[in-house]
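Below is one structure, written out as structure tokens; the observations come after it.
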Amino acid sequence: MPGAGDRGKAPARWLGTGLLVEEVDNTVTLIILAVVGGVIGLLILILLIKKLIVFILKKTREKKKECLVSSSGNDNTENGLPGSKAEEKPPSKV
């Protein structure tokens with residue numbers, strides 16, 4: 001029977017230069033490449049979001065530290081609050 005053994009094979013095409021090329025279905029290959037590319041893109045996106053969040057957290061911590069440092073410079077002696085500044089004792093002579 002002619003053609004009985006050719007059910008699973010792709011049809012061949014003559015290019016005219018002495019080469020016989022088989023046409024192959026690349027659907028599975030394209031699906032695999034799309035999945036791999038999507039996973040790589042997702043990993044890059046997750047890492048970028050992580051970097052952004054760490055950067056924002058670092059900046060907010062720096063602002064809080066700056067506020068604490070600048071407010072600790074005020075000694076409140078202008079307001080006349082008792083005990084607002086530690087009294088210095090003269091050094092004792094031995």
**Message:** Distance check, rounded to the nearest 0.5 Å: Leu42 atom CG versus Leu47 atom CG?
**Reply:** 9.5 Å
**Asked** Out of curiosity, Lys58 NZ to Arg61 CZ, how far, rounded to the nearest 0.5 Å?
**Response** 9.0 Å
**Prompt:** Hey, what else clusters with Leu45 if you join Ile, Leu, Val, Met, Phe, Trp, Tyr whenever side-chain heavy atoms sit under 4.5 Å?
**Reply:** Ile49, Ile53, Leu57
**Request:** State, with a plain yes or no, whether a side-chain heavy atom of Lys51 is found less than 4.5 Å away from one of Phe55.
**Result:** no
**Prompt:** Does one hydrophobic cluster hold both Leu48 and Ile40, with members joined at side-chain heavy-atom distances below 4.5 Å?
**Reply:** yes
**Asked** Does one hydrophobic cluster hold both Ile44 and Val36, with members joined at side-chain heavy-atom distances below 4.5 Å?
**Response** yes
**Complete:** Sequence neighbours excluded, the answer for side chain to side chain donor-acceptor pair (under 3.5 Å) partners of Thr27 is Asp25
